[in-house]
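This chain uses plain numbering: 1 for the first residue, then up along the sequence. Numbering of ligands and ligand atoms starts at 1, following listing order. None of these values were measured; they are calculated from a predicted model.
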Amino acid sequence: MNLIKQKKRGSLIIISGTTCAGKGTVIKELLKKNENLVLSTSYTSRSIRKGDIEDVTYYFVSREKFEEKIKNDEFLEYALVHGNYYGTPKKEIENLLSDGKDVILEIEVQGAKIVKEKLPETVLIFVLAPSMEEVKKRIIARGSETKEQIITRFKTAYQEINEIPKYNYVVINDIVSSAVKKIESILISEKCRVDRIEEISVENKEEFMHELLMEKSFDNSYKEIK
Ligand code: 5GP
């Protein structure tokens, strides 16, 4: 019998990061390599961007529909980001975690704070680009935002950087494969936490100790060493 029985419940991992930190790429790699890991799909009221896939990148809904969902208490958390609503569906996450899946939420700092308050075992990881210069290069190359939107994203990025101390881990995404490795190591460590133990079972202790005393092979090996 195994000494330790661990909880079946999966881990909840939040990955936040400043704009163009490369969270998306890192998460894609993590999902490819770890089959127990799933990325939760959020709801948003923002419009579809180039490269977005409906019901995969987000569930895209109208502002009215989103507000109806807020009223119906369907979100674990939600936030207004750059003028649009974003929210994590509560029921879906609960089902995945009870099923033993490890769930990633790719959400921003306000949402991360709310989830951590509601579910303190949540692991908060902040992904950072190596420098703001690098972020500027990446956002210009992406070419999907206006200058005004870019300025807003940078203002938010500076505010978010101030929130890093509230996170459990920070990962700099200079080389994707190395950032992925760091996050995988975090996930492995989290699985070894003692608060993930459901039961320690030493029920056959007396019997085991008795057999140990009677064990003959120790005598033989002792002789061999001599
Ligand atoms: P984007 O529009 O670039 O896809 O996302 C903008 C921001 O919204 C990102 O920082 C992203 O992490 C965050 N976000 C995405 N989904 C959610 C969500 O369900 N809740 C919260 N609080 N933020 C989210």
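The single protein non-hydrogen atom nearest to atom 18 (C) of ligand 1 is Ile107 CG2, 3.3 Å, given as residue, atom name and distance. With respect to atom 22 (N) of ligand 1, the closest heavy atom belonging to the protein is Glu108 OE2, 2.6 Å. From the protein, the heavy atom lying nearest to atom 11 (C) of ligand 1 is Glu106 O, 3.9 Å. Shortest contact from atom 2 (O) of ligand 1 to any protein heavy atom: Tyr86 OH, 2.5 Å. Atom 19 (O) of ligand 1 has its closest protein heavy atom at Ser42 OG, 2.6 Å. In terms of protein heavy atoms, atom 7 (C) of ligand 1 is closest to Val81 CG1, 3.9 Å.
Below 3.5 Å of separation, one finds an N or O of Glu77 facing an N or O of ligand 1. Residue Tyr78 has no nitrogen or oxygen atom sitting less than 3.5 Å from a nitrogen or oxygen atom of ligand 1, judged on distance alone. Geometrically, ligand 1 and Tyr43 share no nitrogen or oxygen pair separated by less than 3.5 Å. Ligand 1 has a nitrogen or oxygen under 3.5 angstrom from a nitrogen or oxygen of Gly87.
Applying the 6.0 Å contact sphere to NZ of Lys113 captures no more than 12 heavy atoms from other residues, nucleotides or ligands.
Below 4.0 Å from some heavy atom of Ala79 lie the following atoms of ligand 1, by number and element: 22 (N). Ligand 1 places these atoms under 4.0 Å from at least one heavy atom of Gly111: 22 (N).
Salt-bridge check for Glu184 with Lys181: failed, with every basic side-chain N at 4.0 Å or more from each acidic carboxylate O. Between Glu68 and Lys71 there is no salt bridge, since no side-chain N of the basic residue sits under 4.0 Å from a carboxylate O of the acidic one.
Within the 4.0 Å heavy-atom shell around ligand 1 one does not find His82. The shortest separation from a heavy atom of Arg49 to ligand 1 is under 4.0 Å, placing the residue in contact. Under a 4.0 angstrom heavy-atom cut-off, Tyr58 registers as being in contact with ligand 1. Contact between Glu145 and ligand 1 is absent, with no heavy atom of the residue lying under 4.0 Å from the ligand.
No donor-acceptor pair closer than 3.5 Å links the side chain of Ser201 to the backbone N or O of Glu203. Side-chain atoms of Asn34 come within 3.5 Å of backbone atoms of Leu30 as a donor-acceptor pair (strictly under, hydrogens ignored). Side-chain atoms of Glu134 never come within 3.5 Å of backbone atoms of Ser131 as a donor-acceptor pair (strictly under, hydrogens ignored).
Side-chain contact between Lys90 and Phe75 is absent, with no heavy-atom pair separated by less than 4.5 Å.
Between the side chains of Tyr78 and Gln110, no donor N or O sits under 3.5 Å from an acceptor N or O. With hydrogens and angles left out, the side-chain atoms of Tyr85 and Glu67 include a donor and acceptor closer than 3.5 Å. In this model, no donor atom of one side chain and acceptor atom of the other lie less than 3.5 Å apart for Glu160 and Thr18.
Counting heavy atoms under 4.0 Å from ligand 1, residue Lys113 does not touch it at all. Using a 4.0 Å cut-off between heavy atoms, Lys23 contacts ligand 1 through its side chain alone, with no backbone atom that close.
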Take Ser16 and Tyr167 through the side chain to side chain donor-acceptor pair (under 3.5 Å) test and state the conclusion after the steps. CA-CA 9 Å; Ser16 307; Tyr167 279 67; 2.6 Å; yes
